[in-house]
Amino acid sequence: MQFGIFTIGDVTQDPTTGRTPTEHERIQATVAIAKKAEEVGLDVFATGQHHNPPFVAPANPPILLASIAAQTERLQLSTATTLITTTDPVRIAEDYAYLQHLSGGRVDLTMGRGNTGPVYPWFGQDIRQGIPLAVEHYGLLHRLWREDVVNWQGRFRSALQGFTSTPRPLDDVPPFVWHGSIRSPEIPEQAAYYGDGFFHNNIFWPAEHTRRMVEFYRQRFEHYGHGSADQAIVGLGGQVFMRRSSQDAVREFRPYFDNAPVYGHGPSLEDFTTQTPLTVGSPQQVIEKTLSFRDYAGDYQRQLFLMDHAGLPLKTVLEQLDLLGEEVVPVLRKEFAALKPAHVPEAPTHASLVARRRAGQDPVPGGAEDSPAGRARAAQAAEQTAPGSAPRTAEGARR
């Protein structure tokens, strides 16, 4: 199981001092946090994609991730969101294949639609087409990474004739893709169709909602013939703030929570920690709550924590990472490993994807074509597919 952190890159005033870091300071701090994550033994660093204040998470995440790749040796680099709706899939194919080569394969992506409505017209798209955009754009991206020459026509961008995306993926194996969604069932349907991973960033949602989304993805993953439901690849989000004493943690974090740009001035800290995965307390409390995620999500492959938001100073974030790496993650690794059945896969890596490719075990979109059930699914999918796109997953999700 992989453990790591993700950042949304917000530039927020520290409510205890009144000081707001500059964009330059926040960007440099983000690199320092990623390097610290590797130092304390975490597996993954992920960044969001934003195009608006107060966020400086890069409009082009490969720039940040390439810099971090040059300063780390084993850290898996990921996106907490790649805006598949408003970013040209050709650009995604080229940028992340390039990052693959620079990082030696230490890269994967989480496709998402983001949570900022105005970004759509900024990039010439219509927010009312969010789901169809996600479906069509990813269908093209999937082909660009797997076919040397692509002829394609769709609804939302110009057609491609004899196009080759360069550079080609490292070892001819594309980066692993997670599809991220908080509430739209069409997205886990899409993830299941392709045999990709599903990431539910459940930081704002109660356990029952997360359970339903993950369960739906697992059912559809099995339906498409990629393996049993418990073999589907799942990732979860979370938020933590720790001190040795839970009372100290609550007292120190409360002003940051109350003024956070996303959930500040809303529910109380006590209500939020009761109803969502947010844990503010001792390392032992973080361990216990994180282990409880398995009760409703099953055995899963990736756990990412948000730790550097709401104006927390860099010194405090680095202290949090020390606690996470030294006291929390080693226990979580041991406990989750002891509970995981042998047939449940590990988190994908470039090495495991290369081995899968060489063994001829890459998932076939819509199900294995060499079985009657797979052929039936493929025929049904073809009836629901626009030229150059994946199935209209909204239809499948509503069934």
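Quick note: numbers below take in every heavy atom, side chains included, and nothing from hydrogens, waters or symmetry partners.
Scored by the salt bridge (charged side-chain N to carboxylate O under 4.0 Å, His left out) test, Arg146 finds no partners at all (sequence neighbours excluded). With sequence neighbours excluded, no residue satisfies side-chain hydrogen bond (donor to acceptor under 3.5 Å, both in side chains) with Lys289. In this view, Asn201 satisfies the side-chain hydrogen bond (donor to acceptor under 3.5 Å, both in side chains) rule with no residue, not counting sequence neighbours. Scored by the side-chain contact (heavy atoms from CB on, under 4.5 Å) test, Tyr98 finds Leu102, Pro167 as partners (sequence neighbours excluded). Scanning for salt bridge (charged side-chain N to carboxylate O under 4.0 Å, His left out) contacts around Asp14 gives an empty result, with sequence neighbours left out. For Glu326, there are no salt bridge (charged side-chain N to carboxylate O under 4.0 Å, His left out) partners two or more places apart in sequence or in a different chain. For the side-chain hydrogen bond (donor to acceptor under 3.5 Å, both in side chains) test, residues two or more places apart in sequence or in another chain that qualify with Ser245 are Gln247. For Lys334, there are no salt bridge (charged side-chain N to carboxylate O under 4.0 Å, His left out) partners two or more places apart in sequence or in a different chain.
Smallest separation of non-hydrogen atoms from Leu42 and Gly325: CD2-CA, 4.5 Å. Nearest heavy-atom pair across Asn151 and Arg143 is O-NH2, 3.1 Å. Scanning all heavy atoms of the two residues, the minimum distance from Val286 to Met242 falls at CG2-CG, 3.4 Å. Smallest separation of non-hydrogen atoms from Pro345 and Gln231: CG-O, 3.4 Å.
Members clustered with Leu170: none, using a 4.5 Å side-chain heavy-atom cutoff among hydrophobic residues. Clustering of Ile, Leu, Val, Met, Phe, Trp and Tyr side chains at separations under 4.5 Å leaves Leu339 isolated, with no partner residue.
Here the CG atom belonging to Leu306 is positioned 9.0 Å from the CD1 atom belonging to Ile5, to the nearest 0.5 angstrom. Note that CE of Met1 and CD of Gln303 are 5.5 Å apart. Values are rounded to the nearest 0.5 Å.
With 3.5 Å as the limit, one finds a donor-acceptor pair spanning the side chains of His343 and Asp230. Using modelled atom types, one finds a donor on one side chain and an acceptor on the other under 3.5 Å when comparing Ser78 with Asp108. For His179 and Asp196, the side-chain atoms include at least one donor-acceptor pair closer than 3.5 Å. Donor-acceptor pairing under 3.5 Å is recorded for the side chains of Thr16 and Tyr256. Using modelled atom types and a 3.5 Å distance limit, the side chains of Glu222 and Tyr217 yield no donor-acceptor pair. At a cut-off of 3.5 Å, with distance as the only test, a side-chain donor of Glu288 or Gln284 sits close to an acceptor on the other residue. Gln76 and Arg106 are not linked by any side-chain donor-acceptor pair at a separation below 3.5 angstrom, with hydrogens and angles left out of the test.
For the pair Leu321/Leu323, no side-chain contact is recorded, criterion being any heavy-atom separation below 4.5 Å from C-beta on. Looking at heavy atoms from C-beta onward, Val331 lies out of side-chain contact with Val329 at the 4.5 angstrom threshold. Counting only heavy atoms from C-beta outward, the side chains of Ile84 and Ile92 approach each other to under 4.5 Å. In this structure, the side chains of His142 and Pro365 come closer than 4.5 Å at one or more pairs of heavy atoms. A 4.5 Å side-chain heavy-atom check between Leu304 and Val44 finds at least one atom pair inside the cut-off.
Placement of Phe221 and Val344 in two distinct hydrophobic clusters is found when ILVMFWY residues are connected by side-chain heavy-atom separations under 4.5 Å, directly or transitively.
Residue Glu73 qualifies as open at atom CD: its count of foreign heavy atoms under 6.0 Å is 12 or below.
At a threshold of 4.0 Å, the pair Arg333-Asp43 counts as salt-bridged, since one of the basic side-chain nitrogens sits closer than that to a carboxylate oxygen.
Residue pairs meeting the salt bridge (Lys or Arg N to Asp or Glu O under 4.0 Å) criterion with at least one partner in residues 233-243, sequence neighbours excluded, are Arg243-Glu252, Arg243-Glu319. The ring pair (Phe, Tyr, Trp, His ring centres under 6.0 Å) contacts involving residues 227-246 comprise Phe241-Phe253, where partners must be two or more places apart or lie in separate chains.
Checked by atom type and distance alone, the side chain of Ser352 never pairs as donor or acceptor with a backbone atom of Pro348 at under 3.5 Å.
Under the side-chain contact (heavy atoms from CB on, under 4.5 Å) test applied with Pro62, the options Thr82, Asp95, Leu77 reduce to a single match, Asp95.
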